[in-house]
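Throughout, protein chains are lettered first and strands after them, A, B, ... in sequence-line order, and every chain is numbered starting at 1. Just so it is clear, the values below take in all heavy atoms, side chains as well, and ignore hydrogens, waters and symmetry mates.
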Amino acid sequence: MLDIRFIRENADLVREAIRRKRIAVDLDNVLAADGECRELKTSFESRKAEQNRGSKELGRLDAAARAKALEGLKVLSDEVRVLEARLVEAEARLRTLLLLVPNVLDPAVPEGRDDSQNAELKRWGTPRQFDFAAKDHVDLGTSLDILDIERATRIAGSRTYFLKNEGALLELAVLRFAIDHMMAKGFSPMLVPHLVRTEAMEGTAYLPGGEEQAYRTQKDDSWLIGTSEVPVTAYRMGEILSCEELPLKMAGLSPCYRREAGTYGKDTRGLYRIHQFQKVEQVVVCRADLDESIRWHDAILKNAEELLQAFELPYRVVDVCDGDLGRPQVRKFDIETWMPSRNGYGETHSASRFHDYQARRLDLRYRDEQGKVRICHTLNNTVVASPRILIPLLENHQQADGSVVIPEVLRPYMGGRSVMKPKA
RNA sequence: GGAGAGAUGGCAGAGUGGUCGAAUGCGCCGGUUUGCUAAAUCGGUGUACCUGUUAAAUCGGGUACCGAGGGUUCGAAUCCCUCUCUCUCCGCCA
């Protein structure tokens with residue numbers, strides 16, 4: 001959420017963001033609602049002040065004077081009540097509108113219609129040329145007896161899977177490596193609530209707007225998280241942090257649940273797009289300093305790159321274009337990892353910088369050295385998401401005999417295994 | 001799931017209809033005292049929003065906030081209702 005004062009003073013910037021992110025919001029409605037709010041607030045407060053003065057005096061009056069003053073106060077009280085009701089309504093209307101106003105863009109964000117027009121920033125590694133008929137991860141996983149999609153579909157519906165044997169171990173290995181990698185960077189590992197309240201979803205800007213993508217419980221009105229970003233970023237919501245404890249560096253591990261509504265027929269084969277996966281997510285909460293925020297954005301991008309390099313997987317980094325950028329992000333870098341079966345790069349990581357957009361919604365603040373209360377900045381990036389990462393891991397490291405070599409850094413987490421071999 | 005108790009400022013803890021944004025203590029900040037430290041002593045010490053003066057305010061005026069939301073009342077921390085959370089006991093359970 002943007003500061004309404006910022007919107008008033010930078011309406012052009014905000015209009016540009018609405019246009020470039022292709023979001024259906026009429027800023028004039030927002031500004032009108034704001035004007036109405038302030039008008040009502042002024043008249044309500046001055047009448048209320050009058051009433052407070054009168055009521056205060058009433059206590060000191062004798063019976064006769066009191067009865068007389070009471071009459072006038074009753075009228076005033078009704079008037080105040082009406083004004084207040086109108087004010088509350090106007091404020092609710094403004095907030096509803098404000099939640100939908102997108103964050104402004106970093107000047108560097110490239111222009112583009114969709115993800116096909118993201119700007120490539122760098123490439124690392126060279127996609128492998130196979131001198132044999134390479135299999136995709138589904139065939140590999142099946143013959144290695146580490147993956148079963150067919151039976152999962154019977155039991156749990158589309159976009160589900162079983163990982164078993166070394167497949168199960170490989171996912172655990174990848175996650176644990178990611179946690180250790182982040183701990184070495186000073187991030188606190190966190191296991192988090194998977195069911196959260198609307199507040200946390202709204203605070204991280206998944207709501208309103210993301211209702212169709214999230215699973216919601218029927219009886220208790222809570223939401224299954226689509227990423228641990230939600231509980232981790234919201235972890236200190238409503239608090240005023242001391243500046244000594246910033247930045248908060250946290251690495252959340254959780255399952256992630258996504259309905260994938262509206263994606264029928266898209267990425268239907270294999271483990272690319274599924275309803276449930278596990279992810280280690282890095283979250284940074286830092287002071288309200290643009291340069292610092294940008295530095296962290298680069299740092300969390302680098303953390304993820306290091307992981308892919310350790311896994312010996314070719315990847316590229318893209319600067320996400322305006323048309324593909326979400327409402328809350330100022331700028332976003334995606335990492336796409338080489339996936340032979342797609343004969344291309346597929347998104348595996350997403351590093352977002354939010355400025356104070358999430359923090360304002362979460363009421364996440366800190367006291368600076370001067371004692372001034374300020375709104376934090378937040379950022380996040382994937383460390384690793386599995387099983388999607390298993391796609392490049394299996395496909396890139398396969399051998400002619402159908403076996404798959406386990407990257408060296410993962411072997412300690414796999415009981416020393418260096419290769420997975422077909423069972424049949 | 002059933003029965004009961006509770007939620008007050010950074011912390012502890014008073015306050016059961018007006019003079020309460022809230023006693024008192026601790027903590028914290030500043031002054032005085034002090035060879036230093038400690039002690040003593042004096043003063044200060046929430047957040048948000050509206051509005052005024054202004055070059056700008058750490059300035060003036062106002063409104064709101066005593067878990068959250070609603071109600072009663074001229075007036076609510078205090079009375080009533082709903083919800084959330086915490087604790088105790090019973091049941092169930094990993």
**Student:** Grab the N/O contacts between the protein and nucleotides 8-10 of chain B below 3.5 Å, and write none if there aren't any.
**Tutor:**
none

**Student:** Taking ring pair (Phe, Tyr, Trp, His ring centres under 6.0 Å) as the test, write out the residues that go with A:Phe311, two or more places apart.
**Tutor:** A:Phe177
**Student:** Tell me: CZ of A:Arg365 to C1' of B:A48, nearest whole Å?
**Tutor:** 7 Å
**Student:** With sequence neighbours left out, what residues match A:His297 under ring pair (Phe, Tyr, Trp, His ring centres under 6.0 Å)?
**Tutor:** A:Phe333
**Student:** Need to verify one output field. Residue with the more 5' nearest nucleotide on RNA chain B, A:Asp3 or A:Phe44?
**Tutor:** A:Asp3
**Student:** From CE of A:Met237 over to C1' of B:U47, roughly how many Å is that when rounded to an integer?
**Tutor:** 17 Å
**Student:** Going by the rule salt bridge (charged side-chain N to carboxylate O under 4.0 Å, His left out), which residues pair with A:Glu79 if we only count those two or more places apart in sequence or in a different chain?
**Tutor:** A:Arg47
**Student:** Ion pair present between A:Asp267 and A:Arg388, side-chain N to carboxylate O less than 4.0 angstrom?
**Tutor:** no
**Student:** Could you check how far CZ of A:Arg374 sits from P of B:U47, rounded to whole Å?
**Tutor:** 15 Å
**Student:** Measure the distance from OH on A:Tyr366 to P on B:G46 and round it to the nearest whole Å.
**Tutor:** 20 Å
**Student:** Using a strict 4.0 Å threshold on nitrogen-to-oxygen distance, state whether A:Asp34 and A:Arg5 make a salt bridge.
**Tutor:** no
**Student:** Partner lookup for B:U78, please. Criteria are Watson-Crick or G-U wobble with both distances under 3.5 angstrom; report none if nothing qualifies.
**Tutor:** none
**Student:** Each nucleotide in nucleotides 67-84 of chain B should get exactly one letter: B, S or -. Can you fill that in based on protein heavy atoms under 4.0 Å?
**Tutor:** -----S-BS--------S
**Student:** Within the sub-3.5 Å range, which N or O atoms of nucleotides 26-29 of chain B have a protein N or O partner, and how far apart are they?
**Tutor:**
none

**Student:** For A:Arg367, which contact category applies under a 4.0 Å heavy-atom criterion: base, sugar-phosphate, or nothing?
**Tutor:** sugar-phosphate
**Student:** Regarding A:Arg295 and A:Asp291, does a basic nitrogen lie under 4.0 Å from an acidic carboxylate oxygen?
**Tutor:** no
**Student:** Considering only the C1' atoms, how many Å lie between B:G61 and B:U54, rounded to the nearest integer?
**Tutor:** 15 Å
**Student:** I'd like to know if A:Arg216 pairs up with A:Glu211 as an ion pair, taking the criterion as any Lys NZ or Arg NE/NH1/NH2 lying under 4.0 Å from an Asp or Glu carboxylate oxygen.
**Tutor:** no
**Student:** Find the distance A:Ile375:CD1 to B:U47:P and express it as a whole number of Å.
**Tutor:** 14 Å
**Student:** Can you tell me the base-pairing partner of B:G46? Count Watson-Crick or G-U wobble geometry only, both distances below 3.5 Å, and say none if there is no partner.
**Tutor:** B:C65
**Student:** A:Arg95: what forms a side chain to side chain contact (heavy atoms under 4.5 Å, CB included) with it, not counting sequence neighbours?
**Tutor:** A:Met1, A:Leu99, A:Glu202
**Student:** Considering residues at least two apart in sequence or located in another chain, which fulfil the ring pair (Phe, Tyr, Trp, His ring centres under 6.0 Å) criterion with A:His397?
**Tutor:** none
**Student:** Measure all distances between protein nitrogen or oxygen atoms and nitrogen or oxygen atoms of nucleotides 50-58 of chain B, and list the pairs falling under 3.5 Å.
**Tutor:**
{"unit_1": "B:C50", "atom_1": "O2'", "unit_2": "A:Thr42", "atom_2": "OG1", "d": "3.4"}

**Student:** Starting at atom CG of A:Asp363, determine the distance to atom C1' of B:C65, rounded to an integer number of angstrom.
**Tutor:** 13 Å
**Student:** Pairing check on B:C59: which nucleotide meets the Watson-Crick or G-U wobble criteria with it, both distances under 3.5 Å?
**Tutor:** B:G52
**Student:** NA contact type, A:Val373, heavy-atom cut-off 4.0 Å: base, sugar-phosphate, or nothing?
**Tutor:** sugar-phosphate
**Student:** Quick one: A:Leu364 CG to B:U47 C1', roughly how many Å, whole number?
**Tutor:** 15 Å
**Student:** For atom C1', what is the distance between B:C79 and B:G15, given to the nearest Å?
**Tutor:** 15 Å
**Student:** Listed by chain and number, what are the ring pair (Phe, Tyr, Trp, His ring centres under 6.0 Å) partners of A:Tyr315, not counting sequence neighbours?
**Tutor:** A:Trp124
**Student:** For the pair A:Glu166 and A:Lys423, find out whether any cationic side-chain nitrogen is under 4.0 Å from an anionic carboxylate oxygen.
**Tutor:** yes
**Student:** Kindly check if the number of other-residue, nucleotide or ligand heavy atoms within 6.0 Å of CZ (A:Arg417) is above 12?
**Tutor:** yes
**Student:** Is the closest basic N to carboxylate O distance between A:Asp139 and A:Arg269 below 4.0 Å?
**Tutor:** yes
**Student:** Should B:A23 form a Watson-Crick or G-U wobble pair with both distances under 3.5 Å, which nucleotide is its partner?
**Tutor:** none
**Student:** Using atom CG of A:Leu83 as one end and atom C1' of B:U63 as the other, report the distance to the nearest whole Å.
**Tutor:** 13 Å
**Student:** Taking side chain to side chain contact (heavy atoms under 4.5 Å, CB included) as the test, write out the residues that go with A:Glu260, two or more places apart.
**Tutor:** A:Arg159, A:Gln213, A:Arg258, A:Thr263, A:Arg273, A:His275
**Student:** Mind checking the P distance from B:A7 to B:A77? Whole angstroms is fine.
**Tutor:** 16 Å
**Student:** Between A:Tyr206 and A:Glu229, do the side chains contain a donor N or O and an acceptor N or O under 3.5 Å apart?
**Tutor:** yes
**Student:** For nucleotides B:G62 and B:U53, find the distance between their C1' atoms and express it as a whole number of Å.
**Tutor:** 15 Å
**Student:** When you compare B:C80 with B:C87, how far apart are their C1' atoms, in angstrom units rounded to a whole number?
**Tutor:** 25 Å
**Student:** Provide the distance between the two C1' atoms, one in B:U78 and one in B:G6, to the nearest whole Å.
**Tutor:** 16 Å
**Student:** If I pick the C1' atom on B:A39 and the same atom on B:G35, what distance separates them, to the nearest angstrom?
**Tutor:** 16 Å
**Student:** Please measure how far the C1' atom in B:U45 lies from the corresponding atom in B:G21, and state the result in whole Å.
**Tutor:** 13 Å
**Student:** Across all strands shown, which nucleotide pairs with B:C36 by Watson-Crick or G-U wobble geometry, both distances under 3.5 Å?
**Tutor:** none
**Student:** Report the base-pairing partner of B:A5 (Watson-Crick or G-U wobble, both distances below 3.5 angstrom), or none.
**Tutor:** B:U86
**Student:** Which residue pairs pass the ring-ring contact (aromatic ring centres under 6.0 Å, His included) test with at least one member in residues 212-254 of chain A, sequence neighbours excluded?
**Tutor:** none
